[in-house]
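Presented below is the structure to which this report refers.
Sequence lines set the chain letters: A, B, ... in the order given, protein chains first and strands last, and positions in each chain run from 1.
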2 protein chains.
Amino acid sequence: MPNIKDVAKAAGVSIATVSYVLNNKSAFYSEKTRQLVLEAVERVGYTPNVTARNLKANQTRLIGYACHHLPPGQFNSVLDQFVYFLTQEAEAAGYHILMFTFPLDNPPSAYDDLIRTGQVDAFVVASTNLNDSRIRFLLDQQFPFVSFGRANSEWDFPYVDTDGERGICEAVKYLYSLGHERIAMIGWPEESISGSFRVAGYLRAHHELGLPLRSEYLLRAEHSEQAGRAALAEWLSLPRSKWPTAVVAIDDLVAIGVMNEASERGLPVGEGFAVVGYDDMPLGQYLRPSLTTMRQPIAAICRNLILMLEDILNQRPLENPCRLLPPELVVRASSGGPL
Amino acid sequence: MPNIKDVAKAAGVSIATVSYVLNNKSAFYSEKTRQLVLEAVERVGYTPNVTARNLKANQTRLIGYACHHLPPGQFNSVLDQFVYFLTQEAEAAGYHILMFTFPLDNPPSAYDDLIRTGQVDAFVVASTNLNDSRIRFLLDQQFPFVSFGRANSEWDFPYVDTDGERGICEAVKYLYSLGHERIAMIGWPEESISGSFRVAGYLRAHHELGLPLRSEYLLRAEHSEQAGRAALAEWLSLPRSKWPTAVVAIDDLVAIGVMNEASERGLPVGEGFAVVGYDDMPLGQYLRPSLTTMRQPIAAICRNLILMLEDILNQRPLENPCRLLPPELVVRASSGGPL
DNA sequence: CTGTTAGCGCATTCAT
DNA sequence: ATGAATGCGCTAACAG
């Protein structure tokens, strides 16, 4: 690879002049020198070496993003979209994404490594939770990062998140508009932060609709198909008159469990028994019945994450460090028509 | 961040000595100096700066991997697994993955950029095809890379691939062992390289089993649910006695299309009508009926990719530059029991 | 306007 | 065994 010296030689100027031209420091060269340099750049096929530039500038133009392994049977339904859009937005801002993994027993260690060795300028943290050790660590270190997802409310850090409360609230109201009054929900365990927002939406919808809340209609379970099945089984053990006519699942995988259990027990999903999921995983439209769900605006989330990171890295004040984006109701067959 | 000078000062030695100790050049320091240095490293909290080290060594310890966007409705069913395992294996070898995107109208340009700016040491190319412009470009440039997937047989480059021919052959033989004799297949368009290997497996199985080949049983379509539906519809327009009793789909999404169309037409998938997919996407086990499929050994693929890359980057001769890994038949409900 | 030069942090050669 | 000095490729301060 040719370097700046080769260009200088080819153009018959000094390396400083080449550097000035390439970095548009227009005060330091004449137009004819510029032509000379650009032509030489073209001739020798020169592109500045990023490593050298980074060493000088004390940066990397790399953003770290950790991908985690999920136990078999689970999966992140929107990970591929997220990674793609994040990469694309990062590139638009002149960055690339550096992928890394972290040990489950000590997540911050991987972040620490990358910081200490100077391999990234910032992080995008995702799949956050209450007392998230990574966020606590990054706050401690005062290292630039943005988060997809919230954590402890008293912690002050920039994040983008889907407004799960609003989303589930909208889902419940939609079901109500179809005529459902016995609407059940499967949440995640209480420790889950995004889970608790979504459950709050369930509660708020009932409050605003004046629907009575029945504690037996709100169950908590883990992110799994089995959890959806078990929850429905529990509801179907109630007297028939108390069976919910609609279920809001906290994510699509749980919704699938509900649909599977319902089908096996002869409950007609989409015809009198409604199921709504959350995430809009790619396969949802091809399920039978196709899955009504709340779509996470992944592209917008990634755009916001990177825009915020740009502001942070350029020391610009953040306009709005806490951004909630509304999910979008995608109506398909599993929610059925009016009762 | 402290640098090597800080350590040298703290240890009362020169920076050269610190460097020697940290790089285990044991010929150049005494044991007691070593202790001195290590203790100073600990005290000031020093970690070598990777950018500086890279500039000196003319490397980046970064492997480029391009993720591509798929049109809505399509998706790469094993991308998240692939990215995770690739990242993990790369880390085990002392590398990280740099994600980037490329424009569909000029894929090599993104690879060229990263090469010219010196941002990566090598690439992992995936989703290859015949006349793949990226592979041709990297071969031209003689830039280190490995591929997940094959391309033109006359091109000489290192790759790992799933043995699609073997996989589909095994699937067909399994169906035959259940008593099926009218086994149909949906392939990808002829231009698809991995598609043609899989179709070859279909043909080989028929040959080895002595089953007659009927041209109407082999259809070609794109990677979509709709394609699976359309293929089944075409077969069901044959006289009933010629309906296939089993379908091998070239990928899970197509298999889902077949299952959906079959269910809607009252054909009992898993009970007399068998469907087998390919890929083992995470959701397959939760479909109704659960999807029998050929599982791609993603973890092993990633391990092989990185092992080969290590050999290449260290100028070691490649033991076996063309590695075919067998997929694994995962029997679930959609293939049913013996006829 | 242009060229010379000093570092960025590190590895390594060459003296001692 | 140790340290001084050089250079990786680049940017930018400074001198001319």
Name all residues meeting the salt bridge (Lys or Arg N to Asp or Glu O under 4.0 Å) criterion together with A:R136; count only those two or more places apart in sequence or in a different chain, and write none if there are none.
none

With B:E42 via salt bridge (Lys or Arg N to Asp or Glu O under 4.0 Å) - residues at least two apart
none

Expected list for residues 312-319 of chain B: side-chain donor-acceptor pairs under 3.5 angstrom, two or more places apart:
| unit_1 | atom_1 | unit_2 | atom_2 | d |
| --- | --- | --- | --- | --- |
| B:N314 | ND2 | B:E310 | O | 2.9 |
| B:R316 | NE | B:D311 | OD1 | 2.7 |
| B:R316 | NH2 | B:D311 | OD1 | 2.9 |

Pairing residues for A:V78 by the side chain to side chain contact (heavy atoms under 4.5 Å, CB included) criterion, not counting sequence neighbours:
A:N76, A:Q81, A:I298

Considering residues at least two apart in sequence or located in another chain, which fulfil the side chain to side chain contact (heavy atoms under 4.5 Å, CB included) criterion with A:D163?
A:E165, A:R166, A:L324, A:P327

Got a donor-acceptor contact below 3.5 angstrom from the A:D80 side chain to the B:L79 backbone?
no

So what is the end-to-end bend of the helix from C:dC1-D:dG16 to C:dT16-D:dA1, with 5 pairs used at each end and the value given to 10 degrees?
60°

Expressed as a whole number of angstroms, how long is the span from B:F28:CZ to C:dC14:P?
11 Å

Under the 3.5 Å rule, do the base of C:dT4 and the side chain of A:Y20 count as making a donor-acceptor pair?
no

Could you work out, with side-chain hydrogen bond (donor to acceptor under 3.5 Å, both in side chains) as the rule, every residue matching B:Q141, not counting sequence neighbours?
none

What's touching nucleotides 7-11 of chain C from the protein side, N or O pairs under 3.5 Å?
| unit_1 | atom_1 | unit_2 | atom_2 | d |
| --- | --- | --- | --- | --- |
| C:dG7 | N2 | A:K56 | NZ | 2.9 |
| C:dC10 | OP1 | B:Y46 | OH | 2.7 |
| C:dC10 | OP1 | B:N49 | N | 2.8 |
| C:dC10 | OP2 | B:I4 | N | 2.5 |
| C:dA11 | OP1 | B:R53 | NE | 2.5 |
| C:dA11 | OP1 | B:R53 | NH2 | 2.8 |
| C:dA11 | OP2 | B:S19 | OG | 3.3 |
| C:dA11 | OP2 | B:N23 | ND2 | 3.4 |
| C:dA11 | N3 | B:K56 | NZ | 3.3 |

Under 3.5 Å donor-acceptor pairs involving side-chain atoms of residues 82-93 of chain B, not counting sequence neighbours:
| unit_1 | atom_1 | unit_2 | atom_2 | d |
| --- | --- | --- | --- | --- |
| B:Y84 | OH | B:Q88 | OE1 | 2.7 |
| B:T87 | OG1 | B:V83 | O | 2.7 |
| B:E89 | OE2 | B:R303 | NH1 | 3.2 |
| B:E91 | OE1 | A:T101 | OG1 | 2.6 |
| B:E91 | OE2 | A:T101 | N | 2.8 |

Hey, does A:T51 reach any base, or is it just sugar-phosphate, or nothing, if we go heavy atoms under 4.0 Å?
nothing

Determine all donor-acceptor pairs shorter than 3.5 Å in which one atom belongs to a side chain in residues 119-126 of chain A; sequence neighbours excluded.
| unit_1 | atom_1 | unit_2 | atom_2 | d |
| --- | --- | --- | --- | --- |
| A:Q119 | NE2 | A:T117 | OG1 | 3.0 |
| A:D121 | OD1 | A:T60 | N | 2.8 |
| A:D121 | OD1 | A:T60 | OG1 | 3.0 |
| A:D121 | OD2 | A:T60 | N | 3.2 |
| A:D121 | OD2 | A:R61 | N | 2.8 |

Does atom CG (B:N58) have a neighbourhood of more than 12 heavy atoms from anything else shown, all under 6.0 Å?
no

Would you jot down, in residue-number order, the residues of residues 34-42 of chain A having a non-hydrogen atom under 4.0 Å from DNA chain D?
none

In Å, rounded to the nearest 0.5 Å, how long is the span from CG of A:D132 to CD1 of A:I193?
10.0 Å

Interatomic distance, B:Q35 atom CD to B:S30 atom OG [nearest 0.5 angstrom]
10.0 Å

I would like to know whether A:Y111 and A:F100 meet ring pair (Phe, Tyr, Trp, His ring centres under 6.0 Å); could you show each step before the answer?
CA-CA 9 Å; A:Y111 290 78; A:F100 66 106; 4.9 Å; yes

Under 4.0 Å from any heavy atom of chain B: name the first and the last nucleotide of DNA chain D that qualifies, 5' to 3'.
D:dA1 to D:dG9

